[in-house]
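Accompanying notes for the structure given below.
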Amino acid sequence: MTDIATRPTDAVSPPPGGRRRPRLDGGGGPRAGTIVAFLTPFFLPFVLFYLVPIGYALWQSFRVVRRSGGQYGTSYTTFGGFEQYVEVFQNDEFWASIGRIGLFGIVQVPVMLFTALVMALLLDTHLLKLKGFFRTAAFMPYAVPGVIAAIMWSYLYSPQLSPVVDLLNGIGLKPDFLGPGAVLWSAANVSTWLWTGYNMLIMFSALQSIPQELYEAARIDGASNWVIAWRIKVPIIAPSIVMTTVFSIIGTLQLYSEPAVLRQISSNISSTFTPNMLAYTVAVGNNYQQAAAISVVIAVITFVLSFGFMRLTSKRAGL
């Protein structure tokens, strides 16, 4: 009797006639043309509107404008090496803008993310009623474009127009939201209002994926809602918190709309208030090469900070 383990199976034995049936996919998986057809709608815009502008900015940052025949001679553009970058690092306005945006990020990002985390934890409990309403209300500011949001808050900050300022003046507080010591935090408030709901939704989505059995086991062991929130939920959604922090770091270094709009009603915001505003101002002054160098430096700083934070937190959290 032939042993079953050694008996040839139908899957490997050839069909009658000694020929195998041809594979429908041609034997090589999906055709190359099909793959290209599916990937082209993504890669074509990615190359044209992302890689090409980055490459052009890099190329421009290594060029300088020179003149032949004196100050009023004919101008021409030539390769200048790292000359533009040397000027960027010697520019006091650049470092002042980096200092402002650094202070902005150190204060605004933790406040925003902590608020988003608390809101997400509240929405994930059974104690809160009308969850759908509060979730929509918290996320709604994200649907407002940044420029429109800055205009709305400009109305609330303006001493001549704001009912909030009138109310606070009436009780003797006399706030100056657009003063030299407060205007940075006024811009931070607009950013916090805009992005807290967005970050909250990411954290809340992560909380929804946690199995309910973990909570039941913790309650059996006598854990309170507070312990469950900070000892179970927060550690589990740590990757989402890291991701929102990285996004916030990137967004902080790209800050432009809020201070640019507030500049229209406050003399305490200059055209070089943030690094992005400095790059734009330099470009408007027809110094595209210098603006490109500033943009490249901002991109490098953004990459170093975001990637460094991600590596540091990943090692500590064991992600």
Show which side-chain atoms of residues 57-64 pair as donor or acceptor with protein atoms under 3.5 Å away, not counting sequence neighbours.
| from | atom 1 | to | atom 2 | distance (Å) |
| --- | --- | --- | --- | --- |
| Gln60 | OE1 | Gln289 | NE2 | 3.2 |
| Gln60 | NE2 | Tyr56 | OH | 2.7 |
| Ser61 | OG | Leu58 | O | 2.6 |
| Ser61 | OG | Tyr85 | OH | 2.6 |
| Arg63 | NH2 | Thr77 | O | 3.2 |

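- In terms of heavy-atom proximity, Val261 sits nearest to Ala150 at CB-CB, 3.6 Å.
- The side-chain tip of Arg100 points at the ring of Phe273 from less than 6.0 angstrom away and within 45° of straight on.
- What you find for Pro259 and Thr274 is that their closest heavy atoms are CG-CG2, 3.9 Å.
- Between the side chain of Ser209 and the backbone N or O of Ala206 there is at least one donor-acceptor pair closer than 3.5 Å.
- Remark: Arg219 pairs with no residue by the salt bridge (Lys or Arg N to Asp or Glu O under 4.0 Å) rule, at least two apart or across chains.
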Per-pair distances, 0.1 Å, donor-acceptor, side chain in residues 241-253, under 3.5 Å, sequence neighbours excluded:
| from | atom 1 | to | atom 2 | distance (Å) |
| --- | --- | --- | --- | --- |
| Thr244 | OG1 | Ser240 | O | 3.1 |
| Thr244 | OG1 | Ile241 | O | 2.8 |
| Thr245 | OG1 | Ile241 | O | 2.7 |
| Ser248 | OG | Thr244 | O | 2.7 |
| Thr252 | OG1 | Ser248 | O | 2.8 |

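- Around atom OH of Tyr280, no more than 12 heavy atoms belonging to other residues, nucleotides or ligands sit under 6.0 Å away.
- Atom OH of Tyr50 has 12 or fewer heavy atoms from other residues, nucleotides or ligands within 6.0 Å.
- Heavy-atom neighbours of Phe133 CZ from other residues, nucleotides or ligands within 6.0 Å: at or below the threshold of 12.
- Between Trp185 and Phe177, every side-chain heavy-atom pair lies at or beyond the 4.5 Å cut-off.
- In terms of modelled atom types and a separation under 3.5 Å, the side chain of Thr192 and the main chain of Met112 share no donor-acceptor contact.
- Looking at Asn287, its side chain never comes within 3.5 Å of a backbone N or O of Ala283 through a donor-acceptor pair.
- The two residues Ser191 and Glu258 have their closest heavy-atom pair at OG-OE2, 3.4 Å.
- Closest non-hydrogen pair, Asn199 versus Ala116, comes out as CB-CB, 3.9 Å.
- Of all the heavy atoms in Val52 and Leu48, the pair that sits closest is CB-O, 3.6 Å.
- Counting non-hydrogen atoms of other residues, nucleotides and ligands closer than 6.0 Å to CZ of Phe38 gives a total of 12 or fewer.
- Proximity of Thr272 to Met277: side-chain heavy atoms (C-beta onward) are nowhere separated by under 4.5 Å.
- Between Leu121 and Trp230 there is a side-chain heavy-atom pair separated by less than 4.5 Å.
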